[in-house]
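Remember, it's a predicted structure, so these values are computed and weren't measured experimentally.
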Amino acid sequence: MEKRSTRSSSRTRLSELVSTLREDILTGKRPVGDYLPSEKTFATDYNLSNQSVRKGLDILVAEGLIEKIPRVGTKVVGASEGAFVTVKLGFHSSVTNEADIHRLLATFQKENPHIRVQAVPTSSTKYSYISEYLSSGILDVVMMNVTNFQECVEAGDTGMLEPLERNKEIYSFLSDGFAAEGTQLVQPFIFSPLILCYNREHFREADLPEPDSSWQWKDLIDYSSKLAIPGERLGFHCDLYSSNRWPLLLLQTGKKFERYEDGRLKLEGTAMMDALRYCGEMRHSIPSLLEGVTTGESELLLAKGKASIIMTSYFYLNYLLGERLSFDIAPVPHLGTPITMLLNTGLAVNRQSQVKDAAVKLVEFLTGYQAQLFVRQHTYTLPARKAAAEWVGDEKRYRPSRFSLFRETIPGFRYFTDLAISASELADINQELKMYWAGLETEEALCAQIEKRPVVETM
């Protein structure tokens, strides 16, 4: 065992000793009948006096977890009824539907009666909030997406995350999104590429062929115009302002953001500016395209027959669960080469957690085959574990006929980081684009605002 730093107080080190032993016993890491190391060993490992160690062990004796046997040693006697450790899990509120998280946690607690999970919906998915939750010790496990993780890396905060063992059963492209310098710091949980979802009845009524992988953006514009009925329904709907949507077109150019010699982003006269201009033109080419939508609004419009095609994700397909709607999915349109944006959500363990073993055990359960298969069978969300995502069997609910198309589109999966920008640059560009696309800022002003950003390290 690594010797504890002398810079922490003896009270803190004693608390860590007691908490670690308690968790090890309650979670079965130290089974009933085993003998603990000597008081002298604990004193050395935790930089404590023998007297302090003895006081700590007396706490566990009083809790009925260990028994001191004279001239023999300290024996683990197990947990008394009702004894447990609590793991605080911070999760995105949307995952309540996307992964049926509460039913998963109920199963975990049934299988691990000595571990209680306190599910804490995080008030925001912004990394600044996640960082506070971790540094203050409020959470033991927290959900992160790739943008959150990149912000963590850029802030130099990876030391707050407990290194995890890379899971070979999880898609490697998902694990790669959560690794830093060869170390796995977040375990992938669920994922989704961007896709199209459409009302099949609308296509049949208009005598139009359904979308397929050959569709380019000009095809979407053409078909959505034919499907739209003024005053009745939109041909196409999506939230183009979302940072999980607009980078798609930029990724499809196959280009990266350019930089000046001093490291500043270069936008004027580049392929990236051409792509951003095209985004604006597309908005005007599809009169029914609306902005400023709320979460799940596109799916609600589709369910009510008020939109024929939407851009969405497997995550948001869960808003259609239980709806009486004949819908299917298709790859997103492209610019000649099929490319789509990849969304990836994982689980990180707080390195300073006082119940670290239990926290890791929760992550291992949620990313294990049982839980991952549950996600696949009971939701439209794609689990990170390959065998679960590609499971074939009796379906428990309606599935679009092309549900498994994600397998064929994997070669075209891209993260926003493939644009060679940082997470902070992505956020800044997103804010400027809202004004540019709304006609409140000229192209020259957009370029000037982006190009004057302080120099950041090229990714």
Side-chain angles (χ1 to χ4, degrees), residues 98-99 144-147 149-150 166-179 184 186-198 210-217 219-220 238 242-256 310-318 328-347 366-369 371-373 375-377 379-393 395 399-420 459:
E98 292 170 7
M144 277 187 164
N145 57 35
V146 168
T147 303
F149 179 66
Q150 288 302 318
R166 188 180 177 100
N167 191 331
K168 296 180 180 180
E169 301 301 318
I170 288 175
Y171 287 109
S172 60
F173 57 83
L174 298 178
S175 296
D176 291 343
F178 288 129
Q184 196 72 43
V186 181
Q187 203 70 278
F189 176 46
I190 53 178
F191 76 101
S192 176
L194 290 186
I195 55 175
L196 291 184
C197 183
Y198 59 93
E210 297 181 14
D212 57 41
S213 58
S214 71
W215 267 32
Q216 296 192 29
W217 288 100
D219 297 305
L220 175 64
C238 81
S242 169
S243 58
N244 284 333
R245 299 291 185 269
W246 65 261
L248 172 64
L249 280 170
L250 277 64
L251 289 166
Q252 290 183 342
T253 67
K255 306 294 184 180
K256 298 180 183 293
I310 63 173
M311 185 190 297
T312 185
S313 66
Y314 282 83
F315 298 150
Y316 281 10
L317 288 181
N318 289 290
D328 214 327
I329 61 176
V332 292
H334 52 81
L335 298 174
T337 301
I339 287 175
T340 189
M341 189 171 179
L342 177 60
L343 311 178
N344 184 2
T345 299
L347 298 159
L366 291 173
T367 56
Y369 184 71
Q372 293 276 289
L373 182 61
V375 171
R376 166 62 181 80
Q377 292 178 336
T379 75
Y380 288 138
T381 297
L382 297 175
R385 184 176 281 254
K386 186 176 188 293
E390 300 182 10
W391 173 85
V392 176
E395 297 288 358
R399 295 271 165 183
S401 65
R402 303 187 66 193
F403 184 82
S404 297
L405 68 79
F406 73 91
R407 295 177 59 190
E408 284 65 48
T409 59
I410 287 176
F413 287 180
R414 300 289 187 275
Y415 290 116
F416 82 88
T417 51
D418 289 304
L419 295 172
M459 297 181 64

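- Annotation: the span from Met311 atom CE to Leu194 atom CG amounts to 6.5 Å, rounded to 0.5 Å.
- Residues Ser192 and Tyr316 fail the side-chain proximity criterion, which asks for heavy atoms closer than 4.5 Å.
- Using a 4.5 Å heavy-atom threshold, the side chains of Leu317 and Arg399 count as separate.
- At least one donor-acceptor pair under 3.5 Å links the side chain of Gln184 to the backbone N or O of Ser175.
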Begin from the C-alpha positions of Phe189 and Glu98 and carry the test side chain to side chain contact (heavy atoms under 4.5 Å, CB included) through to its verdict.
CA-CA 11 Å; Phe189 176 46; Glu98 292 170 7; over 6 Å; no
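- Looking at Gln372, its side chain does come within 3.5 Å of a backbone N or O of Ala384 through a donor-acceptor pair.
- A side-chain donor-acceptor contact under 3.5 Å links Gln252 to the backbone of Pro333.
- Among Asn344, Val375, Leu174, Leu366, the one residue that satisfies the side-chain contact (heavy atoms from CB on, under 4.5 Å) test with Ile190 is Val375.
- Rounding to the nearest 0.5 angstrom, the gap separating the OH atom in Tyr380 from the CZ atom in Phe315 is 16.0 Å.
- A donor-acceptor contact shorter than 3.5 Å is absent between the side chain of Gln377 and the backbone of Glu395.
- The two residues Phe149 and Gly177 make their nearest non-hydrogen contact at CD2-O, 3.4 Å.
- Between the side chain of Asp418 and the backbone N or O of Leu251, no donor-acceptor pair lies under 3.5 Å.
- Separation of atoms OG1 (Thr409) and CD1 (Ile339) is listed at 12.0 Å; rounding is to 0.5 Å.
- Side-chain atoms of Tyr415 and Leu342, non-hydrogen and from C-beta on, do get closer than 4.5 Å to each other.
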Under the criterion side chain to side chain contact (heavy atoms under 4.5 Å, CB included), I'd like the reasoning laid out for Asp219 against Gln216: C-alpha separation, chi angles, the key distance, then a yes or no.
CA-CA 5 Å; Asp219 297 305; Gln216 296 192 29; 3.8 Å; yes
Which is it for Ser214 and Asp212 under the side-chain hydrogen bond (donor to acceptor under 3.5 Å, both in side chains) test, yes or no, and what are the steps along the way?
CA-CA 5 Å; Ser214 71; Asp212 57 41; 2.4 Å; yes
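- For Lys255, the NZ atom counts as loosely surrounded, since its 6.0 Å shell holds 12 or fewer non-hydrogen atoms of other residues, nucleotides or ligands.
- Note that the CG atom of Leu405 and the CD1 atom of Ile329 stand 4.0 Å from one another [nearest 0.5 Å].
- Residue Phe178 comes nearest to Val186 through the heavy atom pair CB-O, 3.3 Å, listed as atom of the first residue, atom of the second, then distance.
- You'll find the side chain of Met341 stays beyond 4.5 Å of the side chain of Ser313, heavy atoms only.
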Audit row: Ile410, Tyr171, side chain to side chain contact (heavy atoms under 4.5 Å, CB included) steps and yes/no:
CA-CA 10 Å; Ile410 287 176; Tyr171 287 109; 4.2 Å; yes
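- Between Asn145 and Leu343 there is no side-chain heavy-atom pair separated by less than 4.5 Å.
- The backbone N or O of Pro400 lies less than 3.5 Å from no partner atom in the side chain of Asp328, so there is not a single donor-acceptor pair.
- The shortest non-hydrogen separation linking Arg376 to Pro383 is CB-CG, 3.9 Å.
- Inter-residue side-chain proximity for Pro193 and Ile195 is flagged as met; some heavy-atom pair is nearer than 4.5 Å.
- Put simply, the side chain of Phe403 reaches to within 4.5 Å of the side chain of Tyr314, judged on heavy atoms.
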Stepwise side chain to side chain contact (heavy atoms under 4.5 Å, CB included) check, Asn167 with Arg385
CA-CA 9 Å; Asn167 191 331; Arg385 184 176 281 254; 3.2 Å; yes
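- Side-chain rings of Phe413 and Phe406 stay apart, their centers remaining 6.0 Å or farther from each other.
- Rounding to the nearest 0.5 Å places CG of Leu196 at 11.5 Å from OG of Ser213.
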